[in-house]
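One structure is given below, encoded as C-alpha cells.
Predicted model only: the values in this text are computed from it and were never measured. Convention: sequence-line order gives letters A, B, ...; per-chain numbering from 1.
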Amino acid sequence: MSSKKVTSITPKSENLTQWYTDVCVKAELMDYATTKGFIIYRPDGYALWESIKDYFDKRIKALGVRNVYLPSLIPMSLLKKEADLIAGFAPECAVITKGGNKELAEPMVVRPTSETMFCDHFKNIVHSYNDLPVKYNQWCSVVRWEKTTRPFLRGAEFLWQEGHCLFETENEAREFTLTMLREYNMIGSELLAIPFVMGAKPSSEKFAGAEDTYTIEAMMPDGQALQSGTSHYLGQGFTKAYDIKFQGRDNKLDNPYYISWGVSTRLLGALIMVHGDDEGLVLPPRVAPTQAVIVPIRMDSDPNVLKVARELESQLKEAGVRVYLDDSNKTPGWKFAQYEMKGVPLRIEVGPKDIANGVVSFTKRYDSSKSTLPIENLAKTIPALLEEIQAGMYQKALTFLNEHIIECHNYEEVKEVITSGKGFAKMMVCSKNEAELETKLKSELNATPRVMPFDQRPFQSTDTVTGEEGADTVIYFARAY
RNA sequence: CGGGACGUAGCGCAGCUUGGUAGCGCACUUCCUUGGGGUGGAAGGGGUCAUGGGUUCAAAUCCCAUCGUUCCGACCA
C-alpha cells in the first residue's frame, strides 16, 4: 500500500483515543462547533443516528409507546423536588438566569434529563388506574456541562431518546424495565452488530433516584467498558416526590410505579470503536448510509464499463440496496481508500476484465476479503452478501467480547486483567464484601463494577479476592469510558 | 479540574531562536495524461497568521492575558 497522501489516521494500536478522534473527523461524521464542548453532526454521522432512531422508533411503537415532546427548560424548583436527582445532576447543569434583558425570577435549567418534567405533567393526567399504564418517549437532546468531552462518547449536548412510563403495579413496571433493556440489546445484535453484556448495575453505579438500573455494556478495543444504554426501575420515589396519585381498583389512592430508559448518540461511539480499524470506519450494512459503492475501472477507455456499472446501480437500487456509483474522475486507488475511510461495507469493482469474465469483483470492508460474483442475479446475491457481512461482523465482535471477559480466581489475576487492558475481570464476590471491594479496586486499579450480568452462573464458590466460601454474585469489573 | 502539546489557506505543516508585511504539500478550478490500491504534468484561485492588549519606526515572530482543540490523569451516560 502506498503512503497515505490525503488523510492519515493514527494507528489504533498506537493511541486508541487519538485514532478515535481521527476517525470521527476524517470519516466526516462530525465537526467541532464554535460552542465549546458541542459538536456538529455531519450528514454521515447524523444518518447513523437516523438509522438507529428509525429502527428503534418502530420497535417501541409496537410495544405501545407513544412519542411526546416536553420543554427543554426546567424551572430550578421543579428539578429540586427529587433530592437524589438534583444531587446527581446539579454539578453538570447549564442554568439560564436571564430572559431577554430581564433577570428571571427563577433560574431555568436546560434539561440534563426529563424525569422532573414528565412527573410534573403526569400528575395532571393520571387520576385513576384506568389512566395507566402511561408509555411515553421523547426524542430530544439534553445538555450536561461536561468538563472534558469526546465526540459521541461524551458531549455537552447529545441526542437521545428517553422513555418514561408509569404502571399500576411494581411487577408490570419491573417487567417493562427489562423489556426495554432487551430492546436495547437488540439494537446491538440486530442493527449495530455489537454484542452487549446485559445486567444490573451495582448500587454505586445506579442512576440518581433509581431503585434498580439495568445496563448494556460494550467491550472497547482497549478492554474498557462503555455503558451504552440504561433502563431504570424508579419505584415510587419520583411519583411520591411529585405527588402523582391514582385511585386504584380498591378505591384507595396510590402512587404509580415509574421507569425510565435511554440510549443516546453514544451508540455511535460504540459503533466506531467496536468495528473501526486502521483504515478508518467500518460500518455494518444495516446502519450504513451507503451499503455498497461501485467503483468503475477504466471507464473512459471502455465505455461499456460505465454502462454496466449504471445498470448494476439501478438493479441494486431496485433491490433496496443503498448503493452509490462513484463515476467521478478520481483514480480507483483514491476511491478505494476514500470509501474504506468512510466505512462502506462493500466495494464493488466493475472493469473490462470483470465484464469479459461475466463477473464483478467485490471487497468486504470488515475483513478485506476479495472475491467475485457472477454478473447475473446480483439483485439477489448482493443483498445476501450484505447480510453475510452483517452476521460476520457481529460474530467477530462477539468473539472479541467473549475472549476479553476473563474469569479471575484471585486478586493478582484481576490486577493483571485490568492493568494490561485485557478486558472485563469476571469475579465471584460475597455480597457482604461488595462495597469494600469497590473501594479497593477503584483506588488501586481505577476499575469500577460495570455490571452484574444476568448470566449469574458461578465459576467458583469462593470470593475471588478474599477467598471466602459463599461467593454468591458474579460481577464484571473494568475501567470505563 | 490538574499536567503536557498545539492554534499560520479546507486539511497537514514550515517560518518564530536572530522582528522587515507569508510559504510548502495535499485538497479546490481549468487543460492534458493516467486509470484493477491514494497517476504524472501545466496554469490558476484562496490566508485581517485563534482573539485582545502591550513593546517597537515595524509583530506570525518578543511580552501579558483570554479563548479553543488535543493527549495523559481525576470526575461523570
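- Shown for residues 186-193 of chain A: no residue has heavy atoms falling under 4.0 angstrom of RNA chain B.
- Under the ring pair (Phe, Tyr, Trp, His ring centres under 6.0 Å) criterion, A:Phe89 pairs with A:Phe207, not counting sequence neighbours.
- For residues 265-277 of chain A, the pairs satisfying side chain to side chain donor-acceptor pair (under 3.5 Å) are A:Tyr41-A:Thr265, A:Asp277-A:Arg365, with sequence neighbours left out.
- Annotation: ring pair (Phe, Tyr, Trp, His ring centres under 6.0 Å) contacts of A:Phe400 (sequence neighbours excluded): A:His404.
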Using nucleotides 30-35 of chain B, report all nitrogen or oxygen pairs with the protein that are shorter than 3.5 Å.
unit_1: B:G35; atom_1: O2'; unit_2: A:Arg298; atom_2: N; d: 3.4
unit_1: B:G35; atom_1: O6; unit_2: A:Asp300; atom_2: OD2; d: 2.6
unit_1: B:G35; atom_1: N1; unit_2: A:Asp300; atom_2: OD2; d: 3.0

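- Under the side chain to side chain donor-acceptor pair (under 3.5 Å) rule, A:Glu438 has a single partner from A:Ser203, A:Ser443, A:Ser204, which is A:Ser204.
- With sequence neighbours left out, the ring pair (Phe, Tyr, Trp, His ring centres under 6.0 Å) criterion links A:Phe167 to A:Phe176.
- Looking at heavy atoms from C-beta onward, A:Glu162 lies out of side-chain contact with A:Trp261 at the 4.5 angstrom threshold.
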Which atom pairs link the protein and nucleotides 41-47 of chain B when you take only N or O atoms and keep those under 3.5 Å?
none

What's touching nucleotides 72-76 of chain B from the protein side, N or O pairs under 3.5 Å?
unit_1: B:C72; atom_1: OP1; unit_2: A:Thr17; atom_2: OG1; d: 2.6
unit_1: B:C72; atom_1: OP2; unit_2: A:Thr17; atom_2: OG1; d: 3.3
unit_1: B:A74; atom_1: OP1; unit_2: A:Asn446; atom_2: OD1; d: 3.4
unit_1: B:A74; atom_1: OP1; unit_2: A:Asn446; atom_2: ND2; d: 2.7
unit_1: B:A74; atom_1: OP2; unit_2: A:Asn446; atom_2: ND2; d: 3.2
unit_1: B:A74; atom_1: N6; unit_2: A:Thr148; atom_2: OG1; d: 3.2
unit_1: B:C75; atom_1: OP1; unit_2: A:Lys442; atom_2: NZ; d: 3.4
unit_1: B:C75; atom_1: OP2; unit_2: A:Lys442; atom_2: NZ; d: 2.9
unit_1: B:C76; atom_1: O2'; unit_2: A:Glu92; atom_2: OE1; d: 2.9
unit_1: B:C76; atom_1: O2; unit_2: A:Glu146; atom_2: OE1; d: 3.3
unit_1: B:C76; atom_1: O2; unit_2: A:Arg154; atom_2: NE; d: 2.3
unit_1: B:C76; atom_1: O2; unit_2: A:Arg154; atom_2: NH1; d: 3.3
unit_1: B:C76; atom_1: O2; unit_2: A:Arg154; atom_2: NH2; d: 2.5
unit_1: B:C76; atom_1: N3; unit_2: A:Arg154; atom_2: NE; d: 3.3
unit_1: B:C76; atom_1: N3; unit_2: A:Arg154; atom_2: NH1; d: 2.6
unit_1: B:C76; atom_1: N3; unit_2: A:Arg154; atom_2: NH2; d: 2.7

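- Within residues 345-370 of chain A, the residues having any heavy atom under 4.0 Å from RNA chain B are, by residue number, A:Arg347, A:Glu349, A:Gly351, A:Pro352, A:Lys353, A:Asp354, A:Ser361, A:Lys370.
- Residue pairs meeting the salt bridge (Lys or Arg N to Asp or Glu O under 4.0 Å) criterion with at least one member in residues 177-191 of chain A, sequence neighbours excluded, are A:Arg59-A:Glu183, A:Glu190-A:Arg286.
- By the side-chain hydrogen bond (donor to acceptor under 3.5 Å, both in side chains) test, A:Tyr46 is found to be paired with no residue, residues two or more places apart in sequence or in another chain being considered.
- Legend: residues meeting side-chain hydrogen bond (donor to acceptor under 3.5 Å, both in side chains) with A:Asn185, ordered by chain and number and at least two apart, are absent.
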